[in-house]
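Everything on this sheet refers to the single structure shown next.
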Protein chains: 2
Amino acid sequence: MQNMQNKQIPDIVVGRLPSYLQMLKRLKTAGETNTSSKELGLKLEISAAQIRKDLSHFGEFGKQGTGYSINYLIECLEDILHVNKVWDMALVGVGFLGHAIANFQGFNHHGFQIKCIFDVDPSKIGQFVAGHIILDISELEKVIRKLNIQVAMITVDADNAQDVADKLVRAGIKSILNYAPVIIKVPSGIQIQYINPIIKLQHMTYYLK
Amino acid sequence: MQNMQNKQIPDIVVGRLPSYLQMLKRLKTAGETNTSSKELGLKLEISAAQIRKDLSHFGEFGKQGTGYSINYLIECLEDILHVNKVWDMALVGVGFLGHAIANFQGFNHHGFQIKCIFDVDPSKIGQFVAGHIILDISELEKVIRKLNIQVAMITVDADNAQDVADKLVRAGIKSILNYAPVIIKVPSGIQIQYINPIIKLQHMTYYLK
DNA sequence: AAGTATGTGTTAAATTTATCACAAAAGTAA
DNA sequence: TTACTTTTGTGATAAATTTAACACATACTT
């Protein structure tokens, strides 16, 4: 039953796996060696049944009566999510946000490594940020292809994000994390995710007076 | 039929409204005055029927045959989401991430204004960041109560996030935007949202080879 | 060794969410 | 006016997702 990725697993299920992995790593760091769907569920505020059902799409990782070995489940989830390697990334846009993200260490600690940084502004090109020289966006396709990078982050403004995304896709990028507050069209097969704190805040103020 | 908030509107519906508002503002900036569920749907990659259905929970804002007046729908959505005012915010944690967020101008441009910043580190307290003096976290409750702040952002590490959230709730905070990679428990009635780019990246690498 | 408690993976039921299809309204043009 | 087009708002329907129920396996207790 292991690794039967044939049945087209719902994306919403895949989207929950990283949080399971994150919690397992926290438990491991805290010195735990075993856990259960019940414990994970309590900590993640997800029902135990849902966690078991989600995992069951990918195989059988637990032992009845015992639960899950934390080390083993971490290994399995890292395999499933393909995060048992370091992913190289490109970053486009060195405004304030891009600058901040270039310096953010959280990516490195989780297997994501910025390899090249681009901007369109001639006054920025050639400058250094977070140990990387800022490259001209006209070199984007050449450099990304040469470095064989598949993951990129967009930190340009809303008006330029689609254009940058198109360039990234042409360069062979397969996954885009977009910080610009705009929906981006990508061909099927290209992954895109959004980071938009304003939308999250506005969602919450609905419930305030 | 206007403003019948009796029927308990699904949170997932509320969560889509900010993106509708964002797109409407973009269309307005671009000089448009009218739009339709069809146009919005195309731009947001959401079905026109879903947009109409979502809006219908709150009232009737369009004209059959004509569509929506952009200005009017923006006003209505701002009313619904309570973003037709400036919300004061507190920020807790002045590590690299907190520093970056304190300087991020995007919040100000959308009606969210940082009013006070806290940290636990004595070497940081008293320093200035983004024009605000960093206050001792021991003053958190007093200051937040005095300023009557309802919205806060957490940018401390995972191990301290729950503790900070508890302090914030005790201080009267009602909505929390949490950047720490951990699920936080809050009493019912308190809103919490998460920003977690690592999880988004790991979601996407599932589809990569 | 027997009995109890725990926890899995699976199947079935219930709930939530999204889509469809259409009557009615509003504009346009002959 | 009348015919035609567009687009809304909304019941009805379909799909997706979550929750609950269950049978079996393992571990612990006495």
Side-chain angles (χ1 to χ4, degrees), chain A residues 1-17 19-20 23-24 27 32-74 76-77 80 183 203, chain B residues 1-17 19-20 23-24 27 32-74 76-77 80 183 203:
Chain A
M1 197 80 76
Q2 203 92 351
N3 264 23
M4 18 70 115
Q5 260 105 328
N6 41 359
K7 278 196 178 68
Q8 184 59 11
I9 290 142
D11 184 64
I12 195 166
V13 172
V14 177
R16 279 190 292 261
L17 301 186
S19 59
Y20 301 166
M23 180 52 67
L24 288 162
L27 290 173
E32 306 288 326
T33 60
N34 290 278
T35 187
S36 66
S37 60
K38 184 179 171 184
E39 183 184 27
L40 286 172
L42 282 171
K43 293 199 187 280
L44 293 168
E45 301 198 316
I46 292 179
S47 80
Q50 175 144 81
I51 292 173
R52 293 204 301 275
K53 187 155 211 308
D54 285 351
L55 292 177
S56 78
H57 284 99
F58 302 91
E60 303 182 9
F61 310 109
K63 267 226 288 259
Q64 288 170 335
T66 307
Y68 301 94
S69 151
I70 289 177
N71 272 329
Y72 179 63
L73 190 50
I74 286 176
C76 292
L77 284 173
I80 291 166
I183 303 295
H203 183 165
Chain B
M1 198 77 78
Q2 204 92 350
N3 262 23
M4 18 71 115
Q5 261 104 328
N6 40 359
K7 279 199 179 67
Q8 184 58 13
I9 291 144
D11 183 64
I12 195 162
V13 171
V14 177
R16 280 190 292 263
L17 300 187
S19 59
Y20 301 166
M23 178 54 66
L24 287 162
L27 290 173
E32 306 288 326
T33 60
N34 290 279
T35 187
S36 65
S37 60
K38 184 178 170 186
E39 183 185 25
L40 287 172
L42 282 171
K43 293 197 188 281
L44 292 168
E45 301 198 317
I46 292 178
S47 79
Q50 174 146 79
I51 293 173
R52 292 200 303 274
K53 192 96 205 228
D54 286 351
L55 293 176
S56 77
H57 285 98
F58 302 93
E60 303 184 9
F61 310 109
K63 263 223 290 253
Q64 288 169 335
T66 306
Y68 302 94
S69 151
I70 289 177
N71 273 328
Y72 180 63
L73 190 49
I74 285 175
C76 292
L77 285 173
I80 291 166
I183 302 296
H203 183 166

Side-chain atoms of B:Gln50 come closest, of D:dT18, C:dG9, C:dA18, to C:dA18

From CG of B:Leu44 across to P of C:dA18 the rounded distance in Å is 14 Å

Whole-Å distance, A:Glu45 CD to D:dT19 C1', equals 17 Å

**Message:** It should be established whether B:Ser47 places a side-chain nitrogen or oxygen under 4.0 Å from OP1 or OP2 of nucleotide C:dA18.
**Reply:** no

* Working for side-chain contact (heavy atoms from CB on, under 4.5 Å), residues B:Phe58 and B:Leu77 -> CA-CA 9 Å; B:Phe58 302 93; B:Leu77 285 173; over 6 Å; no

Requested in this report: Just do the side-chain contact (heavy atoms from CB on, under 4.5 Å) check on A:Leu40 and A:Leu24 with the steps written out, would you?
Outcome: CA-CA 8 Å; A:Leu40 286 172; A:Leu24 288 162; 4.0 Å; yes

CZ (A:Arg52) and OG (A:Ser36) are apart, to the nearest 0.5 Å, by 9.0 Å

note: B:Glu39, atom CD; D:dT6, atom P; distance rounded to Å ~ 15 Å

One should read off an interatomic distance between A:Lys53 NZ and A:His57 NE2, to the nearest 0.5 angstrom, of 5.0 Å

Rounded to whole Å, CG of B:Leu73 lies from P of D:dT8 at a distance of 10 Å

Might you list the N or O atoms of the protein lying below 3.5 Å from N or O atoms in nucleotides 13-15 of chain D, with each pair's distance?
none

Taking every heavy atom of B:Cys76 against every heavy atom of B:Phe61, the minimum-distance pair comes out as SG-CD2, 3.5 Å

Rounded to the nearest 0.5 angstrom, the OG-CD1 distance for B:Ser56 and B:Ile51 is 12.5 Å

A:Ile46 CD1 to D:dA20 P, in whole Å, measures 15 Å

Atom CD1 of A:Ile51 and atom C1' of D:dT17 are separated, to the nearest Å, by 15 Å

With a 4.0 Å cut-off on heavy atoms, is A:Ile12 in touch with a base, just the backbone sugar-phosphate, or nothing at all?
-> sugar-phosphate

Rounded to 10°, the angle between the first-five-pair and last-five-pair axes of the helix from C:dA1-D:dT30 to C:dA30-D:dT1 is 10°

Expected string for nucleotides 1-7 of chain C under the B/S/- scheme (protein heavy atoms, under 4.0 Å, primed atoms plus P, OP1, OP2 as sugar-phosphate) is -----BB

| Side chains of B:His203 and A:Asp11: does their closest heavy-atom pair fall under 4.5 Å? | yes

Comparing B:Lys53 with A:Val13, nearest DNA chain D nucleotide closer to 5' gives the residue B:Lys53

Measure the shortest side-chain to side-chain distance between A:Glu39 and A:Leu27 over non-hydrogen atoms and say whether it is less than 4.5 angstrom. yes

Value for CD1 (B:Ile70) from CD (B:Glu32), rounded to nearest 0.5 Å, stands at 6.0 Å

Taken to the nearest whole Å, CZ/A:Arg16 to C1'/D:dT19 is 12 Å

side-chain contact (heavy atoms from CB on, under 4.5 Å) between B:Leu73 and B:Leu55, intermediate numbers included:
CA-CA 10 Å; B:Leu73 190 49; B:Leu55 293 176; 4.3 Å; yes

When rounded to whole Å, the CZ to P distance for the pair A:Phe58 and C:dG9 reads 13 Å

Check: Below 4.5 Å, heavy atoms only, C-beta onward: do B:Val14 and B:Ile80 meet side chain to side chain?
Finding: no

Ranking B:Asp54 and A:Gly62 by the position along DNA chain C of their nearest nucleotide, the one closer to 5' is A:Gly62

